[in-house]
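Report on one structure; see the data block that follows.
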Amino acid sequence: MSKETTVVLTGYPVPDLHDALKGLGFRNFVPPRDNQATELEGGLRILINALTSPTGGPIGDSGLLVDDGSVRIFHQNDARPVESGRLESSVLCTRTSCD
């Protein structure tokens with residue numbers, strides 16, 4: 001994988017993942033603001049819902065909304081459910097399935 005790949009990181013309160021990836025040679029980081037859409041190169045829009053309360057685990061958890069202008073996919077992974085609103089999507093993915 002190219003070290004020029006754009007790496008999108010959540011706003012967790014600890015820098016462990018950023019530091020580990022930087023140590024591997026990655027340099028192009030995009031730090032989106034929590035629950036705010038960020039447009040990436042090429043027009044793809046993302047929104048990360050960072051869960052940083054104690055119920056999110058020791059370093060937090062997150063969900064990722066990806067919008068290409070025609071379809072929105074929200075990948076919840078195994079994070080706890082969040083309020084909808086600005087996270088409305090065409091497809092919802094969890095750790096085990098996409099509907």
Side-chain angles (χ1 to χ4, degrees):
M1 171 179 281
S2 169
K3 302 301 184 198
E4 298 302 313
T5 298
T6 299
V7 179
V8 179
L9 293 175
T10 60
Y12 292 145
V14 293
D16 300 3
L17 182 56
H18 176 273
D19 293 350
L21 291 169
K22 191 173 181 180
L24 291 172
F26 291 94
R27 300 282 182 253
N28 189 16
F29 294 94
V30 173
R33 296 185 64 177
D34 187 38
N35 285 322
Q36 292 187 10
T38 300
E39 188 163 330
L40 301 176
E41 191 173 314
L44 190 66
R45 291 174 18 122
I46 61 163
L47 183 144
I48 293 181
N49 176 247
L51 306 173
T52 58
S53 71
T55 58
I59 64 166
D61 210 337
S62 63
L64 172 67
L65 179 77
V66 179
D67 182 349
D68 72 353
S70 60
V71 175
R72 283 184 175 182
I73 298 173
F74 179 61
H75 192 284
Q76 184 176 322
N77 192 18
D78 61 353
R80 71 181 188 280
V82 296
E83 299 282 329
S84 57
R86 63 171 55 166
L87 297 180
E88 290 182 25
S89 60
S90 307
V91 178
L92 171 65
C93 297
T94 63
R95 182 171 39 131
T96 57
S97 67
C98 287
D99 297 319

**Asked** Does some side-chain heavy atom of V8 sit less than 4.5 Å from a side-chain heavy atom of I48?
**Response** yes
**Message:** Using side-chain heavy atoms (C-beta onward) and a distance below 4.5 Å, is K22 in contact with F29?
**Reply:** yes
**Asked** At what distance, to the nearest 0.5 angstrom, does CG of L47 lie from CG of D34?
**Response** 7.5 Å
**Request:** Evaluate the side-chain proximity of I73 to L65: yes if any heavy-atom separation is below 4.5 Å, no if none is.
**Result:** no
**Prompt:** At what distance, to the nearest 0.5 angstrom, does CE of M1 lie from CZ of F26?
**Reply:** 5.5 Å
**Request:** Kindly write out the residues that satisfy side-chain contact (heavy atoms from CB on, under 4.5 Å) with R45, not counting sequence neighbours, or none if the list is empty.
**Result:** A37, E39, D67, R72
**Message:** Is any side-chain heavy atom of I46 closer than 4.5 Å to one of P32?
**Reply:** yes
**Request:** Supply the atom-to-atom distance N28 CG to L21 CG, rounded to the nearest 0.5 angstrom.
**Result:** 12.0 Å
**Beyond-backbone contact of L9 with V30, side-chain heavy atoms, under 4.5 angstrom** = no
**Request:** Would you give the length of the straight line joining atom NZ of K3 to atom OG1 of T5, rounded to the nearest 0.5 angstrom?
**Result:** 8.5 Å
**Complete:** Rounded to the nearest 0.5 angstrom, the OG1-CG distance for T6 and L44 is 10.5 Å
